[in-house]
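Notes to accompany the following structure.
Every number for a ligand or one of its atoms is a count from 1 in the order of the listing.
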Amino acid sequence: MSKKNQNKTYSFFSSIEKNFDKAAKFFSPEEKGILEQIKACNSVYRMHFPVKIGKEIKVIEAYRVQHSHHKLPCKGGIRYSIKVNQDEIMTLAALMTYKCAIVDVPFGGAKGGIKMDPQTISVENIEKITRRYTSELIKKNFIGPGIDVPAPDYGTGEREMSWIFDTFLSLSPGEVDALACVTGKPISQGGVRGRKEATGLGVFYGIRELCRIKEDMLSIGLDVGLVGKKVIIQGLGNVGYHAATSFHEAGAIIIALAEREGAIYNQNGLNVYNVVLHLKNTGSILNFPGSKNIENTEKALELECDILIPAALENVIHKNNANRIKAKIIGEAANGPITPEADEILEKMGVIVVPDIYLNAGGVTVSYFEWLKNLSHVRYGRMEKRFSENMNAELVKVIETICRKKILKEEKKIILRGAREIDLVRSGLEDTMISGFHKIRELKNSTGIKDMRTAAFVFAINKIIDSYEKLGIFP
Ligand code: GLU
């Protein structure tokens, strides 16, 4: 078989099985049965449906996979890409199960996909396909606030989620919780503030936490903190963009940005906001003033840097390029960007890999907040914001009287402020990412597991086993 064909038949699902099996070694032989159950995909719905595009009838191939029902509803995004296939969607659904367990979000993992390139299809037709896909899910009971709750993923966003919600609502009249059938919706359609940037911001919080630990930084020869650290980001989509701006704001230097058409490099740092403006104006990141073009975009991954963030697609770091990676830290913002073979090479090279099943869980964490908001039918902060502000004002008055001193106007503004929805969402996300990081790190250090991925898997599997045990298995 030629090398090209070998790559074609590479199974993404078997790569996650390999990661799972590595972690399974840390469990007792009696747990074999339950481990097999956790590993398997519970339900795979593969569908074909016709859509009339112009005068022609096109047959659309699509999927929804529910990997685990140990907690309900199932949860996970829907991607639109010409590369969508069953193996990929099964893998991504499995990753969702572990992700949710790590960040303590009470859902089973799921994923959906439609095989199409949205960039070559008109908005009207994308809408038609999205609505038809949703009705197929409804027919088979694969969507609903307590059943399975989709969200955005590669190639989808607020617009598609809004269509899904509208289709669901029109086919379930009177369903008072219909808003909770999908997350990642626009704010005006029941979305939550902070969902859009959640995955990228979560990536930032996770890496920032790692960089705060002196011992870990010393082990790879880096200083504590993010200021001055050289960062490369692959993918300037929703996740990559928000991760990039957060690193930039925190004082890290974004030395390279990579997109499909190529990469740009400037060792003194790229201003991400200006790069995005340039992208909007010219349709490409290439030829950004003051930067050097790198035509082969994959080469950007191999540049000298401290932190590498693959934020695009799976399998971009593989056995053929892993030994050329020079980053000390790799943060998996995308799902599955490193193959298991590459993982082994990187481990030997001493690179710290912060795994996807933890690092990009910020999206589903805030999706959980959105789902809760939809079920409670009230915006976060609505009941307590004014009350806290009034209480704070009273407190300030008492302090001023006791100290016989006036607090400055600007300081007062900060102290008095009650929490808005965005403040609560950000604080919930930050706390989730920080505590998730320490849970994995503690488990890793206390068991002697060498890499964060295996520790994260062990942590997640433990949690799912516990859930099955408490639940019992239906006879
Ligand atoms: N598609 C995102 C992910 O892979 C978000 C899933 C969700 O919010 O349900 O994590």
Side-chain angles (χ1 to χ4, degrees), residues 12 16 63-68 71-81 84 88-114 137 142-158 160-162 164-165 179-186 190-192 194-203 205-206 235 237-240 242-243 310-314 331-337 355-374 425 428-429 432-433 436 456 460:
F12 191 20
I16 191 175
Y63 301 86
R64 184 71 184 172
V65 173
Q66 295 173 348
H67 171 259
S68 181
K71 294 247 182 238
L72 286 171
C74 293
K75 188 85 189 78
I78 294 177
R79 62 171 50 189
Y80 291 175
S81 153
V84 159
E88 178 194 49
I89 302 299
M90 280 168 64
T91 315
L92 296 168
L95 286 173
M96 286 308 302
T97 295
Y98 307 120
K99 223 184 267 192
C100 290
I102 288 169
V103 288
D104 212 9
V105 163
F107 299 140
K111 199 72 153 204
I114 304 183
L137 295 179
F142 260 70
I143 185 170
I147 298 168
D148 189 344
V149 182
D153 200 87
Y154 187 81
T156 56
E158 287 185 345
E160 286 74 14
M161 302 308 116
S162 207
I164 292 174
F165 160 63
L179 271 176
C181 79
V182 63
T183 61
K185 302 178 293 294
V192 75
R195 172 63 186 86
K196 215 178 191 169
E197 63 269 34
T199 314
L201 197 55
V203 167
Y205 287 143
N238 183 40
V239 180
H242 288 290
L313 282 173
E314 51 259 26
E332 292 188 317
N335 288 311
D356 49 3
I357 53 169
Y358 155 68
L359 196 65
N360 69 28
V364 75
T365 302
V366 176
S367 272
Y368 172 47
F369 301 158
E370 181 175 333
W371 183 74
L372 292 174
K373 173 186 180 179
N374 295 154
V425 165
L429 173 63
T432 303
M433 294 310 293

Name the closest protein heavy atom to [atom], giving the residue it belongs to and the distance to 0.1 Å.
atom: atom 3 (C) of ligand 1; answer: Lys99 NZ, 3.4 Å
atom: atom 7 (C) of ligand 1; answer: Ala151 CB, 3.3 Å
atom: atom 9 (O) of ligand 1; answer: Lys75 NZ, 2.8 Å
atom: atom 2 (C) of ligand 1; answer: Pro152 O, 3.7 Å
atom: atom 8 (O) of ligand 1; answer: Ser367 OG, 2.6 Å

Side chains of [X] and [Y] in contact at under 4.5 Å (non-hydrogen atoms):
X: Cys74; Y: Phe142; value: no
X: Tyr98; Y: Ile16; value: yes
X: Trp371; Y: Pro73; value: yes

Which of the numbered atoms in ligand 1 are under 4.0 angstrom from any heavy atom belonging to [X]?
X: Gly77; value: 1 (N), 6 (C)
X: Asn335; value: 4 (O)
X: Gly363; value: 8 (O)
X: Met96; value: 3 (C), 4 (O), 6 (C), 10 (O)
X: Lys111; value: 1 (N), 3 (C), 4 (O)
X: Gly76; value: 9 (O)

Distance-only polar pair, side chains of Arg195 and Ser367, donor-acceptor under 3.5 Å: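 On atom types as modelled, these side chains qualify, holding a pair under 3.5 Å.
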Within reach of ligand 1, part of Val149 (heavy-atom separation under 4.0 Å):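 No part of Val149 comes within reach of ligand 1.
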Any N or O of Asp153 closer than 3.5 Å to N or O of ligand 1: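 There is such a contact, yes.
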Val105 and Lys71: CA distance, side-chain angles, deciding distance, side-chain contact (heavy atoms from CB on, under 4.5 Å) verdict: CA-CA 9 Å; Val105 163; Lys71 294 247 182 238; over 6 Å; no
Quick one: [atom1] on [X] to [atom2] on [Y], what's the gap to the nearest 0.5 Å?
X: Lys75; Y: Lys111; atom1: NZ; atom2: NZ; result: 9.5 Å
X: Tyr205; Y: Thr432; atom1: OH; atom2: OG1; result: 10.5 Å
X: Tyr63; Y: Leu92; atom1: OH; atom2: CG; result: 13.0 Å

Side-chain donor or acceptor of Glu332 paired with backbone N/O of Asp356 under 3.5 Å: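 Yes: the side chain of Glu332 pairs with the backbone of Asp356.
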contact_flag Arg195 ligand 1 heavy-atom lt 4.0 Å: yes
